[in-house]
Trainee: 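Next up is a structure, given as structure tokens.
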Amino acid sequence: MAYDHRKIEEDAQKKWEATKLYRAQEDKKKPKKYVLDMFPYPSGEGLHVGHPKGYIATDIYSRFSRMRGYSVLHPMGWDAFGLPAENFAIKHKVHPREAVKRNIANFKAQLAHIGFDYDWSREIQTTDPRYYHWTQWIFLKMLEHGLAFQSDEPINWCPSCKTGLANEDLDGTACERCGTPVEKKKLPQWVLKITDYADRMLADLDTLDWPEHIKEAQRNWIGRSEGAELGFPLVGRDEKIMVFTTRPDTLYGATYLVLAPEHPLVSTLTAEARNAKEVRTYVAAAAKKTEVERGAEGKEKTGVRLESIMAVNPATKEEVPIFVADYVLSSYGTGAIMAVPAHDERDFDFAQKFNLPMRQVIQSGEDCYTGSGRLIHSGAFTGQDNETAKLAITESVGGRKVVRYKLHDWVFSRQRYWGEPIPVIHCAQCGVVPVPYEDLPVTLPEVDHYEPTGTGESPLAAIDSWVHTTCPKCGGAGKRETNTMPQWAGSSWYYLRFMDPENDHELVSSAAEKYWAPVDVYVGGDHAVRHLIYARFWHKFLYDIGVVSTSEPFARLEFLGFILAEDGRKMSKRFGNVINPDEVVAAYGADAFRTYEMFMGPFENTVAWSTDSIAGTARFIERVWNMQEKVIDEAHAALEPLLHKTIKKVSSDIEAFKFNTAVSQMMIFLNAVEKESAIGKRQMKIFLQLLAPFAPHVTEALWERIEAEGSIHLSKWPTYDESLIATQTVTLAVQINGKRRGEVRLAPDASKDDALAAARAIPAINNALSAGAPTRVIYVPGRILNIVV
RNA sequence: GGGCGAGUGGCGGAAUUGGUAUACGCGCAUGGCUUAGGACCAUGUUCCGAAAGGAUUGAGGGUUCGAGUCCCUCCUCGCCCACCA
């Protein structure tokens, strides 16, 4: 019978559906595996062939785990709040809720063709009030614990998206979504104190089974640095300029100070400077430039001196000049630095340009030396090692040791419609009053216009009937907060909701949480920094308040490489190079599609799609189908060693996410079966089981055809016998002086003398041996015989 | 500039972690089957060479009986961060 993938897929999917095969169940008698994909954003463009790659991997892993006797949770849901959904809705003139509904239906239909084992009874979406009830609940808990606060510090504002953004939402200094350079804007904002968790997030990275480069990206983003805050008194004023430095050991070499143009002291000092006008011009020019523009001018430093104003180096007591320069960032440290041109390259460049004095304080032969060494010209500290003197120098001038982070607190307000309302009420009498827990969720009201206003207020502010409410505390007039939460809110805890999706009384029941937590394997690409930092932060907070029992949400992380278009570019509508999985599945079948994506290369590699190559896996699946003609009743002994080797390799490869080599091992086995023209029924069953996670449909159909019981996907994963992998004879390479000269076949446990004797049959070896006794003979049984002459 | 990672056939890639380099697949070539095939089957396919043989894992050096794998120097590419004091 010819292979008809359409019919086979349809039948198998119907069978799974009818028997509710993939329902996740808390079964105390079984160990559990929680396997999770980073859930998708249901965009209007639908899936391209790159999207399912990670889903196929988790599908294989979860099917494999189920067959190995685990109780499996493999759910799917939708991250549907946020700008893309809202922009799509605005563009197509539909309500975002409708747009999301439509997009999700489209995504689900596309996924259905591929044959995943998701437990759809647990499907969730972040835009469901039953879900965002608990997103709001977490916010209120943070407020209660002092981790959410209001601030009117200037924030990043995207003039095109018309909303404030967190640092994490920037690509350099442009909005990562639309590329528009961001501006600084003063707006009252809700901010989450993520920095309180910086040290723990850093330390706990060591406990995680994550790829090293992801951990490193997290470390870079948190950007912890230890240093000192030192005060430089201003001459003739009762005030100090505080600087942050990681090199207090070079204090004796600090010959001038530099303030960022945005530093709070700049305006008052400017007024007193002899060249006030010049300084104002510089500051105004710097304000106009974005940080990208400042950086784009390369290492060419600009700046202006605050003439007639001096500060005192607290160590040398010398007076030092003060500059304003935009190479100093206002957002890091104190916004002011002490400049040590002899031991810092940026200060060196600046000092050269402005002809400023340099003083060496660490012994070296270089003009600008940034390494360690022995201190010189450093008063009482001269002669000491610079590293050990750091603390003493800091304390000698009344400074203190401080830790600074690049990570900033999380700007949490968005001036957009399509997000979770922030559940607080502003009351003239009582100030900020949280919405009582029993009044959650605060649902998103209907509006006429959900386009952003650009005024700094969200479209919600225009709905009087919604905004005006009573204060829960005093009963007087109150106004609702009209900002919404950022897109990352809903995705920061969804993995907990999957454990207990119908529970409307609590975030997650402790029974469900204790059974399923943590996520055993989390799979995704992108979002390596933002999503993972936010989710870890929320999780640690929930751990602290006793909601979850583990200190980290994702025990193991597998990072996936993307699939590029055939032309090597990113797949995009813009380039017209998008390949739709629907078409691939229709042409080659879901099993061939799944197997191909896993066979393309190592899972973490980015590889270009190749329509030529998928034909290879399609052939493979069809040849598997044709194997049924070669099935005989009794086992075919010649296949046995290879079969056991294949069980071993496929099992360990799936566990390690090395799907490409698992597939090639099964191809090797198939080649052998075709060569032998026979396979025993029991052997066939085992082979089908190994292939089942990759090609669930064709294996299910063949499983039925060879009259095996039930569904192959609930059958017990085969085990292998190491002793059966060993073959009767092995091929041993024979070398002379490390050069291969031939090979012999002999028993794997043959003695050295036997091996040597066998090797004499090779003329080249015999010649070499008859010339004289070998100096040395290295024999590794089953591997190599190397004769040194 | 800093950090991380990688360089293996025409292409995607494999290599039991120091033991027959180029598995598996694509592509290509030759033949078969076919009215035809971009379907299927068989054989071959790292390079040079008719062959014998030789060379070969970015380049060069080292350790070792033996190096794609370990060490040193250099080159190239990718990703992340980037005037972070």
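Within every chain, numbering begins at 1; the chains are lettered A, B, ... in the order of the sequence lines, protein sequences first and strands thereafter.
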Trainee: What is the separation between atom CD1 on A:Ile784 and atom C1' on B:G66, rounded to the nearest whole Å?
Mentor: 7 Å

Trainee: Would you measure the distance from the P atom in B:G10 across to the matching atom in B:A6 and give it in whole Å?
Mentor: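 My reading of the P atoms in B:G10 and B:A6 gives 23 Å.
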
Trainee: Is there a side-chain polar atom (N or O) of A:Arg741 under 4.0 Å from OP1 or OP2 of B:U20?
Mentor: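 For A:Arg741, the contact criterion (side-chain N or O under 4.0 Å from OP1 or OP2 of B:U20) is not met.
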
Trainee: Any idea which of B:C24, B:C81, B:A85 is nearest the A:Val328 side chain?
Mentor: B:A85

Trainee: Do A:His5 and A:Phe593 come close enough that some side-chain heavy atom pair is under 4.5 Å?
Mentor: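 A:His5 does not reach A:Phe593 side chain to side chain.
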
Trainee: Between B:A85 and A:Tyr327, is there an OP1 or OP2 to side-chain N/O distance shorter than 4.0 Å?
Mentor: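 The answer is no; no side-chain N or O of A:Tyr327 sits under 4.0 Å from OP1 or OP2.
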
Trainee: Mapping A:Glu743 and A:Gln665 onto RNA chain B by nearest heavy atom, which one lands closer to the 5' end?
Mentor: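 The answer here is A:Glu743.
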
Trainee: Near RNA chain B, counting only heavy atoms under 4.0 Å, which residues of residues 241-260 of chain A show up?
Mentor: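 When residues 241-260 of chain A is checked for heavy atoms under 4.0 Å from RNA chain B, the hits, listed by number, are A:Phe244, A:Thr245, A:Thr246, A:Arg247.
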
Trainee: Roughly, in whole Å, what's the span from CD in A:Glu604 to P in B:C80?
Mentor: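 The answer, rounded to whole Å, is 16 Å.
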
Trainee: Look at the side chain of A:Val780 and decide which nucleotide, out of B:A14, B:G19, B:C81, has an atom nearest to it.
Mentor: B:G19

Trainee: Is a donor from one side chain sitting under 3.5 angstrom from an acceptor on the other, for A:Thr617 and A:Tyr588?
Mentor: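 Looking only at side-chain atoms, A:Tyr588 and A:Thr617 do not form any donor-acceptor pair under 3.5 Å.
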
Trainee: Using a heavy-atom cut-off of under 4.0 Å over every strand shown, decide if A:Ile778 touches base, sugar-phosphate, or nothing.
Mentor: base

Trainee: Can you confirm whether the side chains of A:Tyr779 and A:Asp753 place a donor and an acceptor under 3.5 Å from each other?
Mentor: no

Trainee: Distance only, no hydrogens: is a donor on one side chain within 3.5 Å (strictly under) of an acceptor on the other, for A:Glu743 and A:Thr731?
Mentor: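 No, because no side-chain N or O of A:Glu743 sits under 3.5 Å from a partner of the opposite role on A:Thr731.
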
Trainee: Please name the nucleotide paired to B:G49 by Watson-Crick or G-U wobble geometry with both distances under 3.5 Å, or report none.
Mentor: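 None - no nucleotide pairs with B:G49, as no candidate has both distances under 3.5 Å.
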
Trainee: Starting at atom CD of A:Glu629, determine the distance to atom P of B:C40, rounded to an integer number of angstrom.
Mentor: 16 Å

Trainee: Tell me if B:G7 is syn or anti. Syn = glycosidic torsion within 90° of 0, anti otherwise.
Mentor: anti

Trainee: Output a table of nitrogen or oxygen pairs between the protein and nucleotides 3-12 of chain B separated by less than 3.5 Å.
Mentor:
residue	atom	partner	partner atom	Å
B:G12	O2'	A:Met600	O	2.3

Trainee: Yes or no on ring-ring contact (aromatic ring centres under 6.0 Å, His included) for A:Phe350 and A:Tyr256, after CA distance, side-chain angles and deciding distance?
Mentor: CA-CA 11 Å; A:Phe350 191 83; A:Tyr256 62 101; 5.7 Å; yes

Trainee: Report yes if a side-chain nitrogen or oxygen of A:Arg619 is closer than 4.0 Å to either non-bridging phosphate oxygen (OP1 or OP2) of B:C40; otherwise report no.
Mentor: yes

Trainee: Considering only atom C1', compute the distance from B:U20 to B:U56 and round it to an integer number of Å.
Mentor: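 Result for the C1' pair: 15 Å, nearest Å.
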
Trainee: Can a cation-pi geometry be assigned to A:Lys301 and A:Phe348, taking NZ or CZ under 6.0 Å from the six-membered ring centre and within 45° of the ring axis?
Mentor: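 Because its charged atom misses either the 6.0 Å distance or the 45° angle limit, A:Lys301 does not stack over A:Phe348.
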
Trainee: On RNA chain B, check which nucleotide each of A:Gly616 and A:Asp347 is closest to and give me the residue with the more 5' one.
Mentor: A:Gly616

